[in-house]
Amino acid sequence: MTTLIVIDQAPYGSWSGREALDMAFSLAAFDQPAAMLFTGPGVNWLRKGQQPDELDQKSAEKNLSAAPLFGIEALIADKRACHKYGLSSETMLSGVELSSNIQELLNGHTHVVFAS
C-alpha cells in the first residue's frame, strides 16, 4: 500500500500544505510508504532560499529537507509546473524527481490524497 500526497498550493498563506506534510511524515513514521507530489503553485515548496521570517512561519525548505530522515520515499515535482514557476535544478531542492506524466504517477499509487 503506497500513498501519494499531492500538494498543489503555494507554501505560505494556507495551512493545508503543512498539514499534508505532517500527514506524510506521520505515515512514514509508522512505516507506511509515502511519497509527495508537488504540482501547480505547490512546486514553490521546493524552491531553495526561502525566507518566510516576515510571515512568522518556518521555512518549507527546512521542513522538506527532513523528508528523507522521516522515511518519505520520494519528493516529486510536476515538470510543467516547475517550468511555469521558473524552477530549475539550480533553484530547486536537491533530490527532487521530475515527472512529466502526472496521470501515470497518480495511477501508480494505492492511495492519493490531495492537500487542497
Side-chain angles (χ1 to χ4, degrees):
M1 173 173 73
T2 60
T3 301
L4 179 67
I5 298 173
V6 182
I7 295 180
D8 61 357
Q9 296 181 10
Y12 309 104
S14 168
W15 289 105
S16 62
R18 296 259 177 210
E19 290 168 353
L21 184 60
D22 289 345
M23 180 189 311
F25 285 171
S26 295
L27 285 167
F30 287 99
D31 294 325
Q32 299 297 313
M36 299 184 76
L37 169 64
F38 298 85
T39 187
V43 297
N44 288 297
W45 278 78
L46 305 169
R47 190 176 298 278
K48 287 181 186 175
Q50 298 177 31
Q51 298 178 341
D53 299 336
E54 292 181 19
L55 302 172
D56 291 327
Q57 291 191 14
K58 292 182 181 179
S59 169
E61 178 182 0
K62 289 181 182 177
N63 290 125
L64 288 172
S65 66
L69 298 173
F70 278 85
I72 303 298
E73 292 186 341
L75 298 176
I76 307 160
D78 177 351
K79 189 174 184 178
R80 286 185 208 106
C82 287
H83 179 71
K84 178 180 178 178
Y85 288 93
L87 284 167
S88 65
S89 58
E90 293 82 30
T91 60
M92 194 180 326
L93 300 175
S94 63
V96 175
E97 301 172 24
L98 294 178
S99 177
S100 52
N101 191 339
I102 299 304
Q103 189 60 50
E104 183 177 300
L105 185 64
L106 295 172
N107 292 341
H109 288 81
T110 308
H111 301 284
V112 178
V113 178
F114 289 86
S116 43

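The two residues C82 and L98 have their closest heavy-atom pair at SG-CD2, 3.9 Å. Minimum heavy-atom separation, T91 to G86: OG1-O, 3.7 Å. Of all the heavy atoms in V96 and A77, the pair that sits closest is CG1-CB, 3.8 Å. Nearest heavy-atom pair, A115 versus A20, reported as atom, atom and distance to 0.1 Å: CB-CB, 3.5 Å.
Taken to the nearest 0.5 Å, the CG atom of L21 stands 8.5 Å off from the CD1 atom of I5. Here CG of L27 is found 11.0 Å from OG1 of T2. Values are rounded to the nearest 0.5 Å. From K48, atom NZ reaches atom OG of S89 across 8.0 Å, with rounding to the nearest 0.5 Å.
In this structure T39 satisfies the side-chain hydrogen bond (donor to acceptor under 3.5 Å, both in side chains) test together with D78, sequence neighbours excluded. Contacts of S65 classified as side-chain contact (heavy atoms from CB on, under 4.5 Å), with partners at least two apart in sequence or in another chain: none. For the side-chain contact (heavy atoms from CB on, under 4.5 Å) test, no residue two or more places apart in sequence or in another chain qualifies with S94. Taking E97 as the reference, A74, I76 meet the side-chain contact (heavy atoms from CB on, under 4.5 Å) condition, with sequence neighbours excluded. The side-chain hydrogen bond (donor to acceptor under 3.5 Å, both in side chains) test applied to D22 returns no partner, not counting sequence neighbours. Applying the side-chain contact (heavy atoms from CB on, under 4.5 Å) rule to K84 yields no partners; only residues at least two apart in sequence or on another chain are considered.
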Under 3.5 Å, sequence neighbours excluded: what are the donor-acceptor pairs made by side chains of residues 100-107?
{"residue": "N101", "atom": "OD1", "partner": "E104", "partner atom": "N", "Å": "3.0"}
{"residue": "N101", "atom": "ND2", "partner": "E104", "partner atom": "OE1", "Å": "3.3"}
{"residue": "Q103", "atom": "NE2", "partner": "N107", "partner atom": "OD1", "Å": "3.1"}
{"residue": "N107", "atom": "ND2", "partner": "Q103", "partner atom": "O", "Å": "3.3"}

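Few gaps surround CZ on R47; more than 12 heavy atoms of other groups in view lie less than 6.0 Å from it.
Among residue pairs with one or both ends in residues 77-100, none qualify as ring pair (Phe, Tyr, Trp, His ring centres under 6.0 Å); sequence neighbours excluded.
Checking each of L75, V6, V43 against L37 for a side chain to side chain contact (heavy atoms under 4.5 Å, CB included) leaves exactly one that passes, namely V6. Residue L4 is tested with H109, E73, H111, M36 for a side chain to side chain contact (heavy atoms under 4.5 Å, CB included); the sole match is H109.
No side-chain heavy atom of M23 sits less than 4.5 Å from a side-chain heavy atom of T3.
Between W45 and F38, the ring planes lie tilted relative to each other; the angle falls in the 30° to 60° range.
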